[in-house]
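First up is the structure itself, then whatever we jot down about it.
One-based numbering along the sequence shown.
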Amino acid sequence: MRRPSVRDDLALHPGYHSPQVDVDVRLNTNEAPESPPDGFRAALADELAAIDWHRYPDRDAAALRSAIAEHHGVEPGQVFVANGSNEVLQTLCLTYGGPGRTVATFEPTYALHSHIPKITNTAVASGERTDDFAIDLDEVRRVTAEHDPTITFLCSPNNPTGMIETEETIRAVADLAPGLLVVDEAYGQFAPWSALELVTPDDPIVVTRTYSKTWSMAAGRLGYLVGPAWLVDELSEVVLPYHLDAFKQAAGRVALRFEAEMQARVATLVEERGRVSAALAGMDVTVWPSASNFILFRPDTVSGDIVWDRLVEHSVLVRNCASWPRLDGCLRLTLGNADENDRFLAALTDVLDPANLESA
Ligand code: PMP
């Protein structure tokens with residue numbers, strides 16, 4: 001028997017990986033540092049007991065979409081839900097991308113914004129940011145004029161830089177983008193403003209969100225977008241029937257009952273962000289301003305790879321971006337709880353100590 005070969009266009013691209021190492025302090029994948037609040041598991045257990053397991057789930061996820069809509073003050077018809085915001089992005093590419101169509105990204109940004117187009121056989125036009133990672137409107141004008149993208153991705157706050165776009169910039173990109181503008185707000189709750197304000201019933205602008213960060217539900221794989229109802233209807237035609245299981249629909253609703261607790265946790269992480277950023281500013285590293293739950297930094301006196309290795313020796317894992325295009329030597333720290341952040345700062349201080357660097 002002959003094995004089938006992988007689609008030619010897919011074979012060219014490496015997959016997306018986030019290496020895991022067995023350490024005490026894991027600060028590498030931008031998750032929440034804590035499990036959901038007390039009460040979440042019990043409330044969820046009650047909901048699960050009521051599931052008709054022999055039946056397919058509600059295909060429209062109506063109750064979940066209503067709860068999310070109420071949370072954001074929009075109509076349920078403006079909410080599309082899927083298995084993680086990655087699946088939301090994939091459904092957007094399946095619906096509005098595909099052969100002969102192009103997605104625009106501005107690099108460096110979230111790797112899946114170009115990886116998902118590739119697996120959906122959509123061309124990617126990669127624009128550049130400025131040297132300090134800001135969106136350059138002249139570059140947006142060039143890319144949109146040259147490539148006529150059906151989807152333009154922005155990520156705000158941007159992963160992995162942590163930087164947020166201003167309302168003025170997002171409005172300007174929306175004016176330049178010839179098709180759909182997707183603002184990925186996976187980290188939106190940590191930022192001072194949200195592009196949700198720009199979503200209207202008509203304009204082709206959507207904002208994507210996830211339960212993986214603020215809602216401490218990365219294990220549950222749930223994400224959504226808020227956009228015009230006509231677009232949600234179109235996506236619903238493309239996604240697989242019953243793609244969102246009953247368990248997840250319940251978990252998403254229950255999580256929203258704990259909004260006050262989650263806002264308190266966001267406030268704590270924002271405070272930690274200020275504390276850790278200030279500490280980093282006093283060290284031999286370059287730090288970028290973050291509006292997110294992670295911080296990008298670059299050691300000034302030694303390579304990012306060496307610092308990453310030495311941090312692992314201290315049992316602290318951060319994301320190694322040192323060899324990523326445009327991020328030469330950079331590392332990304334996910335903010336943990338205060339103890340974890342202290343462990344990181346102590347380890348980094350030790351690693352960057354000139355006496356310890358002599359052997360580097
Ligand atoms: N967008 C961005 C910018 C992200 O950083 C991530 C997670 N790393 C996602 C989307 C995907 O989130 P989810 O877990 O909801 O698929």
Looking only at side-chain N and O atoms, does Thr120 offer a donor or acceptor that is under 3.5 Å from a partner on Thr122? yes
Roughly how far apart are Asp284 CG and Leu352 CG, rounded to 0.5 Å? 6.5 Å
Met163 and Ser290: CA distance, side-chain angles, deciding distance, side-chain contact (heavy atoms from CB on, under 4.5 Å) verdict: CA-CA 5 Å; Met163 291 160 66; Ser290 170; over 6 Å; no
Walk me through whether Arg326 and Glu128 qualify under salt bridge (Lys or Arg N to Asp or Glu O under 4.0 Å). CA-CA 9 Å; Arg326 307 166 185 85; Glu128 298 294 325; 2.6 Å; yes
Please identify which of these residues, Glu70, Glu259, Glu47, meets the salt bridge (Lys or Arg N to Asp or Glu O under 4.0 Å) condition with Arg253. Glu47
Would you say that Val239 contacts Leu94 through its side chain, given a criterion of any heavy-atom pair below 4.5 Å between the two side chains? no
Parallel, tilted or perpendicular, judged at 30° and 60°: which one describes the rings of Phe294 and Tyr187? perpendicular
Given side chain to side chain donor-acceptor pair (under 3.5 Å), test Thr105 with Glu107 step by step and report yes or no. CA-CA 6 Å; Thr105 67; Glu107 303 292 340; 2.7 Å; yes
Between Leu280 and Val285, which heavy-atom pair has the shortest distance, and what is it? O-CG2, 3.3 Å
Applying salt bridge (Lys or Arg N to Asp or Glu O under 4.0 Å), run through Arg343 and Asp24 and close with a yes or a no. CA-CA 10 Å; Arg343 282 277 304 267; Asp24 293 343; 3.4 Å; yes
Rounded to the nearest 0.5 Å, what separation is found between the CG atom of Leu244 and the CZ atom of Arg221? 11.5 Å
Under 3.5 Å, is there a donor-acceptor pair between the Glu167 and Thr169 side chains? no
Under 6.0 Å from the CD atom of Glu234, do we count more than 12 heavy atoms belonging to anything else shown? yes
Backbone N or O of Phe190 within a donor-acceptor pair of the Arg273 side chain at under 3.5 Å? yes
Heavy-atom pair with the smallest gap, counting every atom of Pro192 and Ile164: CD-CD1, 3.8 Å
Heavy-atom closest pair (Ala281 atom, Val287 atom, distance to 0.1 Å) is N-CG2, 4.1 Å
Would the number of heavy atoms belonging to other residues, nucleotides or ligands and lying under 6.0 Å from CG of Asp132 be above 12? yes
Using 30° and 60° as the class limits, which term best fits the ring planes of Tyr224 and His72: parallel, tilted or perpendicular? tilted
Where is the tightest heavy-atom contact between Val302 and Pro299, given as atom of each residue plus distance? O-CB, 3.4 Å
Reference residue Tyr110; test side-chain hydrogen bond (donor to acceptor under 3.5 Å, both in side chains); the match among Asn86, Asn158, Asp184: Asn86
For Ser194 and Glu185, which I'm curious about, is there any donor-acceptor pair between the side chains at under 3.5 Å? yes
Using every non-hydrogen atom in the two residues, find where Gly127 and Val143 come nearest and quote the distance to one decimal. CA-CG2, 3.7 Å
Just by distance, no angles: are the side chains of Thr102 and Asp148 close enough, under 3.5 Å, to form a donor-acceptor pair? no
Is a donor on one side and an acceptor on the other found under 3.5 Å between the side chain of Asp58 and the backbone of Asp60? yes
Report yes if some heavy atom in the side chain of Thr208 is under 4.5 Å from a heavy atom in the side chain of Val183; otherwise report no. no
Yes or no on side-chain contact (heavy atoms from CB on, under 4.5 Å) for Arg7 and Asn121, after CA distance, side-chain angles and deciding distance? CA-CA 10 Å; Arg7 239 169 58 201; Asn121 205 346; 4.0 Å; yes
Val318 and Ile295: same hydrophobic cluster, using ILVMFWY side-chain contacts below 4.5 Å? yes
Can you check whether His314 and Trp308 have ring centres sitting under 6.0 Å from each other? no
Would a single hydrophobic cluster contain both Ile151 and Leu181, if residues Ile, Leu, Val, Met, Phe, Trp and Tyr are joined by side-chain heavy-atom contacts under 4.5 Å? no
Rounding to 0.5 Å, atoms CG (Asn30) and OG (Ser212) come to a distance of 10.5 Å
Is any side-chain heavy atom of Val173 less than 4.5 Å from a side-chain heavy atom of Leu137? yes
Shared ILVMFWY cluster between Phe40 and Leu48, side chains joined below 4.5 angstrom? yes
Looking just at side-chain N and O atoms, do Asn356 and Arg310 make a donor-acceptor pair shorter than 3.5 Å? no
Pair Lys248-Asn83, side-chain donor/acceptor within less than 3.5 Å: yes
Does Glu168, at its CD atom, have more than 12 non-hydrogen atoms belonging to other residues, nucleotides or ligands within less than 6.0 Å? no
Between the side chains of Arg142 and Asp136, is the shortest nitrogen-to-carboxylate-oxygen separation below 4.0 Å, so that they form an ion pair? no
Residue that, paired with Leu317, satisfies side chain to side chain contact (heavy atoms under 4.5 Å, CB included) out of Leu311, Thr29, Leu27, Asn28: Asn28
Has Asp52 got a side-chain atom pairing as donor or acceptor with His54's backbone, closer than 3.5 angstrom? no
Trace of the side-chain contact (heavy atoms from CB on, under 4.5 Å) decision for Glu139 with Arg129: CA-CA 8 Å; Glu139 175 71 344; Arg129 287 168 187 257; over 6 Å; no
Are Phe80 and Ile205 in one and the same hydrophobic cluster, where Ile, Leu, Val, Met, Phe, Trp and Tyr link if side-chain heavy atoms are under 4.5 Å apart? no
Taking atom types as modelled, is there a side-chain donor on Asp305 or Ser303 under 3.5 Å from an acceptor on the other? no
Is it the case that over 12 heavy atoms from other parts of the model lie below 6.0 angstrom from the CG atom of Asp46? yes
Is any side-chain heavy atom of Arg65 closer than 4.5 Å to a side-chain heavy atom of Val232? yes
Answer yes or no: are there more than 12 heavy-atom neighbours, outside Asp328 itself, under 6.0 Å from its atom CG? no
Do Asp233 and Ser236 have side-chain N/O donor and acceptor atoms under 3.5 Å apart? no
Heavy-atom check, side chain of Leu269 versus side chain of Pro33, under 4.5 Å: yes
Side chains of Val182 and Leu180 in contact at under 4.5 Å (non-hydrogen atoms): yes
Any Pro57 side-chain heavy atom under 4.5 Å of Gln249 side chain: yes
Would you please test Leu222 and Leu64 for side-chain contact (heavy atoms from CB on, under 4.5 Å) and show each step? CA-CA 11 Å; Leu222 180 59; Leu64 173 61; 4.1 Å; yes
Side-chain touch Gln90/Ile119, heavy atoms, less than 4.5 angstrom: yes
Closer than 4.0 angstrom, basic N to acidic O: yes or no for Glu272 and Arg275? yes
Measure across Ile170 and Glu165 and return the closest heavy-atom pair with its distance rounded to 0.1 Å. CG1-CB, 3.7 Å
Test of ring centre spacing under 6.0 Å for Phe297 and Trp288: no
Test: ring-ring contact (aromatic ring centres under 6.0 Å, His included). Region: residues 141-167. Which pairs qualify, not counting sequence neighbours? His113-Phe153
Could you give the distance from OH (Tyr211) to OG (Ser216), rounded to the nearest 0.5 Å? 12.5 Å
